[in-house]
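Working notes for the structure below.
Numbered from 1 within each chain, the chains take letters A, B, ... in sequence-line order. This structure is a prediction, so every number in the text was calculated from the model and none was measured.
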Amino acid sequence: MKSSWLGVLLWWMTACGGADNVVRVVDIIYPDGRFGFTDVTLTTLTDLDAASGDVAQIFGNVTLDLDLSQPIADAGGSRSRFVAESHAVTLHYVVADGVAIASDLDSLMMLTSYWHFEQAVAHLRALGAPLPLPPVPVYYQPKVKNADELNFPAADNAAFFVPADGFVLLPSRALTDVPLPMNTGVVMHEMAHRLFYYTAWQGQLFAALAAHASDAQAGAHFNRAKATDEGVADFFAAALSHDPAFLGKSTPVDVAQARNLTELRTLDPAWVGGAEPQIEGSYNPYAAGAVVAAALWKLVDIASLGTVEQAVLQAEAELGAVLADSFTYQFGDLERRVLGALPAALQPAACDALALRYASVWSRFASVCP
Amino acid sequence: MIGALLAVLLPSATPAFPNLDLGLAVGALAARRSDQSGWDPAMGLGLHLGASLERYLPGPWRAEVGLSSDTSGTPWGQRSAALEVGRWDLDLALRAGAEWTLVGENRKGGGLLALVGPRLRTTRVSYRLYDEQEHHTVLQTAIAGTVGVFANYQAFRFSVRLGAAWPWDHNLEAWTVIGHAL
Ligand SMILES: [Zn+2]
């Protein structure tokens, strides 16, 4: 009698067992860009309950302390200073027909985010990007000390937080549609920043900033590189999501439109100096970034998407040989290298496509576009 | 059943089955948030059918079958404009254990109770994404335990209990049960 009871109990306990990392997530599943539910296998996940695996680990109940008073070590060396508190998450889910179904919104968001991080890394690796990097910490809805002082948004944003070499997924408050962490393009955008940091900056941004702190022009060079970083990130986001308007599902119309990659955008001569445009007294890298993103996206009319993506990766790598050391960056420095990395037969058409957009700095393209 | 429910409200003179009792349970639940940032409150309601077994077994043994429902974690669903996630649980639990009378005696007294047993939980998770809806209903099993204090007054039974389950389902439960002998 006793053993049969135990048998029934054991059967019960095992009948509700694991899900082999097959999870239901939110993704773009319709050709028109609409989001829907889909089942995916998270191949890199090692601990479903903790949303932890080979590409990322999600942490909750996080407090970030934006203490910029001390020097920052590169490649996450100062992470423990910036992340005052973080905890492994415990996802809530049920298993239906072998598929893990998140049973609260946070768990669904975290699982979906993990899937997008996995996709982003897989996509970049397939292109040959140097991403044998350790799993990245993802800080889910952190509280941020000193956020106001430093103009750090409290909500409605996602970021690659360079000082901690980690990603930050802020809560969605004003943005009320598909939350940013569920937007494939948004996650890819942030992953592309990490790639830019490790390739173009060679993982030495803070050392370079410190070394060039007394250089009067360092801020302008940094701003131009930052704007280019934003543009490259939007380009990869559109590439992975196959949606040049990927922000549309998660942000207000004006924000999405200002970054839509299908627009014909030209580099305003006033922006070339690296100080303009500004928003609330700070440099706005998204304006020139949108020019870069739209220009790269335009190249997809001339070469295949994969060819352009590989050319961008090669350009980032070439930039890495000079950027951190020289700490000089002018608009066109990356784009010129992208054109140079395209097949020679396509270069004239590619030059034509960019000439109007980059008229304000066209002389910098002379080596590729005579 | 209806008669028994009425019995909860209207004290009867002489219970026909003084060793059986039916109780209405009201629960306050706290669900640990998946991101570890705190606890979400939830409500529960249940019916308990209990049996005191001291007539049949040596010792203060008690057994119960309970049916309860709760909206653990997110009582009314969490949402963004495009997306909503809701969850609802229905539990059928068998519990056995002991109740030790520490004050007074059998029909006018009180003490401690500790019960444990298997729980079959039916969980319904519902998603809405834009106008697309889907639901998943799954069965899960666990061992659920409860400890608390009880007081008997004539045919009435009162208890306040704390409960949790293994495997841990992220919930701590506090239940107040008002029962009456049948
Ligand atoms: Zn960005």
Verdict with supporting geometry, His136(B) and Arg24(A), side chain to side chain donor-acceptor pair (under 3.5 Å): CA-CA 11 Å; His136(B) 303 274; Arg24(A) 180 147 301 184; 3.2 Å; yes
If I measure from the heavy atoms of chain B, does [X] come under 4.5 Å with its side chain, its backbone, both, or neither?
X	result
Ala51(A)	neither
Val26(A)	side chain
Ile101(A)	both

Chain B interface, residue from Thr90(A), Asp97(A), Leu108(A), Leu91(A) that has the most non-hydrogen pairs under 4.5 Å: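 Going by pairs under 4.5 Å, I would pick Thr90(A).
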Salt bridge (Lys or Arg N to Asp or Glu O under 4.0 Å) between Arg119(B) and Asp169(B), intermediate numbers included: CA-CA 12 Å; Arg119(B) 182 190 73 188; Asp169(B) 62 1; 3.1 Å; yes
Whether over 12 other heavy atoms sit under 6.0 Å from Lys145(A) NZ: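 It does not: Lys145(A) NZ has 12 such atoms or fewer within range.
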Only distances under 3.5 Å count here; give the side-chain donor-acceptor pairs of residues 26-33 of chain B to other protein atoms, sequence neighbours excluded, each with its distance to 0.1 Å.
| from | atom 1 | to | atom 2 | distance (Å) |
| --- | --- | --- | --- | --- |
| Arg32(B) | NE | Gln36(B) | OE1 | 3.4 |
| Arg32(B) | NH2 | Gln36(B) | O | 3.2 |
| Arg33(B) | NE | Asp40(B) | OD1 | 3.0 |
| Arg33(B) | NE | Asp40(B) | OD2 | 3.4 |
| Arg33(B) | NH1 | Ser37(B) | O | 3.4 |
| Arg33(B) | NH1 | Ser37(B) | OG | 3.3 |
| Arg33(B) | NH2 | Asp40(B) | OD1 | 3.3 |

